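Remember, it's 1-based here, ligands and their atoms both numbered in the order they're listed. For clarity, every value in this text was computed on a predicted model and none was experimentally measured.
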Amino acid sequence: MLWCIKVWCILVLSFLLPHSYAHMDFFTSIGHMTDLINTEKDLVTSLKDYIKAEENKLEQIKKWAEKLDQLTDTATKDPEGFLGHPVNAFKLMKRLNTEWGELENLVLKDMSDGFISNMTIQRQYFPNDEDQTGAAKALLRLQDTYNLDTDTLSRGNLPGVKHKSFLTAEDCFELGKIAYTEADYYHTELWMEQALKQLDDGEVSTADKVSILDYLSYAVYQQGDLDKAMMLTKRLLELDPEHQRANGNLKYFEYIMSKEKEANKSTTETDSQTDKETKAKKKEPNKDYLPERQKYEMLCRGEGLKMTPRRQKKLFCRYYDGNQNPKYILAPVKQEDEWDKPRIVRFLEIISDEEIETVKELAKPRLSRATVHDPETGKLTTAHYRVSKSAWLSGYESPVVSRINRRIQDLTGLDVSTAEELQVANYGVGGQYEPHFDFARKDEPDAFKELGTGNRIATWLFYMSDVSAGGATVFPEVGASVWPKKGTAVFWYNLFPSGEGDYSTRHAACPVLVGNKWVSNKWIHERGQEFRRPCTLSELE
Ligand code: OGA
Ligand code: FE2
């Protein structure tokens with residue numbers, strides 16, 4: 001949103017989880033992945049120490065060999081003359097009796113102890129298969145949300161990247177295999193094709209074309225493109241004529257094709273046309289169903305914003321004193337309108353870098369995979385549609401947290417004593433929270449029952465980092481995208497003054513494409529606001 005230049009004159013202005021690495025879900029948060037970078041750095045240091053020790057050892061052995069090479073050369077030319085010298089005779093005894101034994105010990109000496117024990121210690125913190133699959137799926141999700149071409153993604157040409165990185169044919173093959181095990185043939189095809197392309201372009205790799213073609217032809221067949229499946233199978237058989245499965249498949253494809261041809265003869269031309277069209281349509285990612293997915297993904301890409309110039313003109317920015325709150329009269333804060341309906345406002349420079357650092361440091365050791373309410377069981381579980389790590393911070397444990405809570409109260413005019421604790425969330429690459437409501441709907445009256453403070457009347461969301469690409473907070477119902485900006489916060493009411501839920505507040509955290517997203521939020525509840533935000537009789541006001 002715009003920030004007006006006019007007013008530039010500055011006025012006087014939990015749940016405590018044990019610190020456990022048992023299962024970290026690394027891929028969900030960069031916060032924890034940075035630890036892994038340090039682990040790797042440590043391992044490289046100890047690997048280099050090992051290499052140096054091994055090189056020293058070899059150097060000593062080499063010297064011994066060279067010395068003995070010369071000596072035996074001379075000795076064998078004239079053994080009797082050589083041994084005629086008493087020192088040579090003595091030295092031969094000494095060498096064979098002691099020195100060769102010592103050399104043997106040196107050859108047998110294991111230099112890898114330090115490195116191996118370091119590996120054993122660090123291995124317990126390593127990511128597992130689940131983490132690797134999770135990270136791969138995150139890449140596939142990003143590819144869809146941000147309409148990324150497979151080749152672009154493989155070459156690492158992403159907007160705003162600081163450290164360029166690319167995928168090898170082997171990596172592409174791995175991604176394809178992960179998609180395959182998920183029965184996601186759309187991505188299997190894309191990534192196997194990319195692996196093949198990179199090999200065809202001359203990339204040296206351990207990935208072999210036969211295996212790639214095997215997966216690729218199957219994925220293509222599963223998506224209904226028989227011609228292409230057959231062409232690929234033939235290509236495989238050129239490389240490996242004895243390949244059993246491919247030979248079987250080829251016969252099967254030929255059989256189906258001949259049957260189809262027969263069937264087509266009896267149908268009209270237009271029918272076969274529509275048939276082809278449906279086949280082509282099938283080539284789409286089989287994503288989990290979400291009614292507004294298209295809108296959501298468009299907004300994430302910064303497309304499809306629904307704000308008319310006429311409405312835009314009515315959005316303002318101002319200095320805000322928290323409705324004449326004594327703390328802010330002399331030092332009001334910058335506030336700007338992000339959206340009109342629902343009203344979303346953004347506060348600027350509302351949390352300092354130091355406060356952000358403190359909040360992050362307090363949260364880091366407690367970050368754990370974010371959970372959602374399972375509507376069927378009413379219990380908390382992890383879900384693919386919410387991929388982030390979060391922690392709760394109480395105002396009692398740090399003056400910084402309590403000061404932040406107080407600030408929210410002063411600026412919203414709402415009582416935060418009935419609010420939930422401050423939630424800190426960290427989204428790694430691919431981290432997201434698909435469209436949801438923050439408030440409980442009528443069909444889930446028990447969601448916040450145990451709190452006894454009513455429904456979530458309002459949401460306050462601090463952005464504690466900038467995000468290089470992706471990671472917007474979007475409102476698909478109304479077509480709004482709010483971009484993270486470090487030090488700012490957005491605020492909106494989830495409920496109308498009547499207490500009815502405002503369905504236009506449905507929102508999502510878009511997947512992070514490049515960078516790392518830190519936010520913290522305060523969910524303010526109904527209790528305590530009776531005189532601060534009196535209710536009305538009309539339902540939708
Ligand atoms: C949430 C949420 C939005 C964001 O945590 O409920 O909607 O941008 N977060 O992180
Ligand atoms: Fe939310």
What does the N/O contact table under 3.5 Å look like for ligand 1?
| unit_1 | atom_1 | unit_2 | atom_2 | d |
| --- | --- | --- | --- | --- |
| ligand 1 | 5 (O) | Asn521 | ND2 | 3.2 |
| ligand 1 | 6 (O) | His436 | NE2 | 3.1 |
| ligand 1 | 6 (O) | Asp438 | OD1 | 3.2 |
| ligand 1 | 7 (O) | His436 | NE2 | 3.1 |
| ligand 1 | 7 (O) | His507 | NE2 | 2.9 |
| ligand 1 | 8 (O) | Thr473 | OG1 | 2.6 |
| ligand 1 | 8 (O) | Lys517 | NZ | 2.7 |
| ligand 1 | 10 (O) | Tyr427 | OH | 2.9 |
| ligand 1 | 10 (O) | Lys517 | NZ | 3.3 |

Quiz item: Side chains of Glu526 and Asn455: do they bring a donor and an acceptor to under 3.5 Å?
Solution: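 Short answer, no.
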
Quiz item: Among Tyr180, Trp191, Tyr215, which one satisfies ring-ring contact (aromatic ring centres under 6.0 Å, His included) with Phe173?
Solution: Tyr215

Self-check item: Matching residue for Phe439 among Phe496, Trp492, Tyr503 - test: ring-ring contact (aromatic ring centres under 6.0 Å, His included)
Solution: Tyr503

Quick check against the 3.5 Å criterion: does [X] have a side-chain atom that pairs as donor or acceptor with the backbone of [Y]?
X: Glu40; Y: Asn38; answer: no
X: Asp321; Y: Pro332; answer: no
X: Ser481; Y: Gly302; answer: no

Quiz item: His507: which N/O/S atom is nearest the Fe ion (ligand 2)?
Solution: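 Nearest N/O/S atom of His507: NE2.
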
Self-check item: Residue Lys485 excluded, over 12 heavy atoms near NZ under 6.0 Å
Solution: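 Counting other residues, nucleotides and ligands, NZ of Lys485 stays at 12 neighbours or fewer.
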
Quiz item: At the Fe ion (ligand 2), what's the angle from His436 NE2 to Asp438 OD1, rounded to 10 degrees?
Solution: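 The angle at the Fe ion (ligand 2) comes to 90°, rounded to the nearest 10°.
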
